[in-house]
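A short worksheet on the structure shown next.
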Protein chains: 2
Amino acid sequence: MSVSVRNVADKAGVSVGTVSNVLNRPEKVAKATVERVTAAIAELGFVRNDAARQLRAGRSRSIGLSVLDIGNPFFTDVARGAEDRARDAGLSVLLANSDEDAAREDEHLDLFAEQRVFGILLTPVGARPERLESLRRQGTPTVLVDRQTDSSDFSSVAVDDVAGGYMAVKHLLDIGRRRIVFVGGPARIRQVADRLEGAQKAVAEVSDATLDVVLEDSLSVLRGRAAGERLCARPASNRPDAVFAANDLLAMGLLQAFAMLGSIRVPDDVALIGYDDIDFTRASVVPLSSVRQPSHEIGHTAVDLLLRENAEGEDFTHEQFVFQPELVVRESTSDGS
Amino acid sequence: MSVSVRNVADKAGVSVGTVSNVLNRPEKVAKATVERVTAAIAELGFVRNDAARQLRAGRSRSIGLSVLDIGNPFFTDVARGAEDRARDAGLSVLLANSDEDAAREDEHLDLFAEQRVFGILLTPVGARPERLESLRRQGTPTVLVDRQTDSSDFSSVAVDDVAGGYMAVKHLLDIGRRRIVFVGGPARIRQVADRLEGAQKAVAEVSDATLDVVLEDSLSVLRGRAAGERLCARPASNRPDAVFAANDLLAMGLLQAFAMLGSIRVPDDVALIGYDDIDFTRASVVPLSSVRQPSHEIGHTAVDLLLRENAEGEDFTHEQFVFQPELVVRESTSDGS
DNA sequence: GGCCACTGCTGAAACGATTCATACCTCCCT
DNA sequence: AGGGAGGTATGAATCGTTTCAGCAGTGGCC
């Protein structure tokens with residue numbers, strides 16, 4: 001059926017070992033032989049069988065990456081960062097989308113295990129300590145992405161979301177807003193919980209400020225729009241003067257609702273700030289203030305940690321990277337003065 | 001090192017063949033035996049080695065999907081559609097991003113070949129007949145996605161982009177615009193060329209209408225912004241009264257530029273229409289008119305074709321699916337009356 | 001009793017690349 | 001001449017799963 005090293009070897013009049021050497025350490029093989037083998041490979045259209053290679057090697061040369069939402073540009077940026085770094089190291093990235101669904105995440109992790117991946121980058125759905133424990137036992141190097149951990153069993157690359165939440169709401173307070181609403185996703189998502197915590201911290205520092213919490217069941221444009229419609233439906237007296245959305249997708253949805261229903265002007269009536277600073281925010285109805293995360297670098301760093309863990313073996317101490325977010329102020333929170 | 005069927009077999013007191021049967025056709029094995037083996041598997045923490053499985057089977061149970069731009073929500077939607085369908089069939093999807101770069105695409109295709117993937121879904125960068133030819137020779141079932149083909153060697157799933165381009169510009173003409181600019185990406189991308197062709201067809205039907213073509217080197221928000229800035233820099237007399245952008249990312253960028261520089265109002269001065277109808281367009285400065293493609297369904301159908309080609313073997317006749325796009329009118333092309 | 005059918009299980013062979021101990025040359029040095 | 005070193009090439013063993021021909025045991029039927 002398929003052309004194998006055996007066929008190449010016969011054609012070139014050498015042994016299979018030599019073909020393998022040409023493939024993997026050509027410097028060990030005489031020049032003339034390399035040429036003969038190379039010619040045979042080309043002529044027969046030989047393509048290495050990765051399964052056989054992996055079987056022998058014991059592990060694959062792919063990194064598994066499971067993200068929460070592939071429709072969120074933040075995660076695709078992280079994926080890009082990871083892929084760039086992986087390429088340099090001769091590895092490839094298997095991108096899997098859990099869609100914030102634990103069952104789906106499990107499926108993907110099982111698949112990664114069966115594939116004996118080189119390592120796993122995981123943005124876990126919720127805490128799921130039992131899953132992490134089983135990953136640890138399994139021995140595949142795993143880096144938690146966009147999630148801090150106090151466990152010394154895993155490396156992690158995260159952004160300080162508490163600081164990000166704080167900085168967003170502090171900014172709203174600084175421009176004089178006091179009745180603030182936090183629009184988030186399911187509390188089981190750690191990013192949401194942390195950003196909320198930061199928001200609460202900022203509010204606590206100003207005596208007459210209040211924070212109202214609205215939780216949607218996912219962090220999508222659609223859910224943001226729904227939340228926005230509900231806010232618009234409130235009597236004007238009961239409306240916030242600022243909204244902090246847990247990510248830009250929600251913020252875009254809120255903006256859509258405000259713009260469509262026309263009853264709330266941004267930033268005059270309500271100041272709005274999102275999170276992630278995705279590319280689209282600059283083109284939204286009102287350019288959106290946001291909290292920027294170094295997404296590309298997160299992906300980079302995560303792969304670096306994986307590579308180091310792999311190189312150093314047993315005596316590798318797991319590292320916890322925490323990046324600082326950055327406030328990006330645009331029109332949606334301009335103070336109008 | 002790793003636990004194998006051998007170990008499980010020993011533990012359960014059966015042969016390796018039986019363990020394999022429990023894994024793959026439990027109905028052929030006596031109930032008590034199944035239980036014993038299952039228990040042994042659980043106790044030892046046995047995880048199937050996919051490489052060995054693949055080696056034996058001759059091919060993997062993954063579908064390779066290469067997309068042009070993973071940052072474009074249109075493609076992630078296609079990917080989602082493909083993954084949903086693949087899951088049902090017990091397959092998984094390897095998502096690869098070519099970033100409109102032929103070299104990268106080649107790397108991914110080579111990788112797919114080495115992995116002996118079940119099939120390939122490809123949104124090719126440009127025409128690249130030689131690449132397609134080598135895929136065909138290689139024998140891996142391949143479906144061209146978002147690209148029509150007249151070759152009977154491949155199935156394809158596409159949207160009629162000429163019709164889409166026609167319908168976008170026809171709409172601009174219908175609301176009374178005459179000096180139209182097409183902002184596209186590199187002409188080697190077939191989608192761009194087809195949409196332009198449709199646009200030209202529509203313009204040709206109206207005697208006093210003109211079509212100006214501006215080509216950027218990628219279909220991104222950033223490039224759209226650059227194009228927008230250049231349009232703003234033109235003297236008012238030389239400006240178009242409508243712009244058709246080859247995709248929504250470009251359109252969003254144009255909108256950003258118009259809004260930031262403030263010298264062009266949408267739709268009053270310039271009507272704007274995009275392509276793809278991604279989720280974000282509804283939340284843009286001015287809700288964006290667009291041409292919708294059934295992205296999810298495209299992914300679905302592509303996988304279906306792959307499965308059928310696989311099931312029917314030699315006597316499978318390659319099919320060319322062509323979906324019709326749909327015009328979505330929003331504020332950015334309202335005629336102001 | 002002899003034969004057949006059926007169920008349940010066995011274990012060797014096969015998939016294809018890589019590794020490694022071994023062997024063969026040449027050349028050079030003593 | 002003998003021995004060592006260095007450069008090349010060999011091919012059997014190995015990785016872990018699946019497949020399949022075949023064996024044993026049981027029960028039914030004539």
Can you tell me the distance, in whole Å, between the CG atom of B:D10 and the P atom of D:dG16? 13 Å
Whole-Å gap separating C1' (D:dA9) and CD (A:E27): 15 Å
Hey, is the side chain of B:R56 pairing donor to acceptor with the base of D:dT18 inside 3.5 Å? yes
Base, sugar-phosphate alone, or nothing: which one does B:S4 contact when heavy atoms must sit under 4.0 Å apart? sugar-phosphate
Contact class for A:V14 (heavy atom, under 4.0 Å): base, sugar-phosphate, or nothing? sugar-phosphate
Which nucleotide in D:dT17, D:dT10, C:dC9 has an atom nearest any side-chain atom of A:T18: D:dT10
I need the CG-P distance between B:L23 and D:dG16, as an integer number of Å. 15 Å
Nucleotide D:dT18, atom C1' - distance to NZ of B:K28 in whole Å: 15 Å
Do B:R61 and B:F118 meet the cation-pi criteria used here (NZ or CZ under 6.0 Å from the six-membered ring centre, within 45° of the axis)? no
Reckon A:D50 touches a base, only the sugar-phosphate, or nothing at all at heavy-atom distances under 4.0 Å? nothing
State which of D:dT18, C:dT19, C:dG16 makes the closest approach to the side chain of A:S20. C:dT19
Can you find a side-chain donor-acceptor pair between A:H108 and A:N97 that sits under 3.5 Å? no
Between B:A52 and B:R36, whichever has its closest DNA chain C nucleotide further toward 5' is B:R36
At under 4.0 Å between heavy atoms, what does A:R59 touch on the DNA or RNA strands: base, sugar-phosphate, or nothing? nothing
Sidechain-backbone polar pair: A:S295 side chain, A:V78 backbone, donor-acceptor under 3.5 Å: no
With a non-hydrogen cut-off below 4.0 angstrom, is A:R116 in contact with a base, only sugar-phosphate, or nothing? nothing
Take A:T142 and A:T140, measure what side-chain hydrogen bond (donor to acceptor under 3.5 Å, both in side chains) needs, and give me the verdict at the end. CA-CA 6 Å; A:T142 301; A:T140 312; 5.8 Å; no
Taking only the side-chain nitrogens and oxygens of A:R48, find out if one of them lies under 4.0 Å from OP1 or OP2 of C:dT18. yes
If you pin B:N21 and B:L55 to their nearest nucleotides in DNA chain D, which one's is more 5'? B:L55
Starting the side chain at C-beta, find the nucleotide from C:dT18, C:dG11, D:dG16 nearest to B:V16. C:dG11
Whole angstroms only, please: what is the CZ-C1' distance between B:R6 and D:dT18? 14 Å
On the nucleotide C:dC15, are OP1 or OP2 found under 4.0 Å from the side-chain N or O atoms that B:R53 carries? no
Within the distance-only criterion (no hydrogens, no angle test), does the side chain of B:T18 pair as donor or acceptor with the backbone N or O of B:V14 below 3.5 angstrom? no
Send over the distance from A:Q54 CD to C:dT19 P, rounded to a whole Å. 14 Å
Do B:R36 side-chain atoms and B:A12 backbone N/O form a donor-acceptor pair below 3.5 Å? yes
Rounded to whole Å, CD of A:Q115 lies from P of D:dC15 at a distance of 21 Å
Starting at atom CG of A:N24, determine the distance to atom C1' of C:dG16, rounded to an integer number of angstrom. 13 Å
Is the phosphate of C:dT19, meaning OP1 or OP2, less than 4.0 Å from a side-chain N or O of A:R25? yes
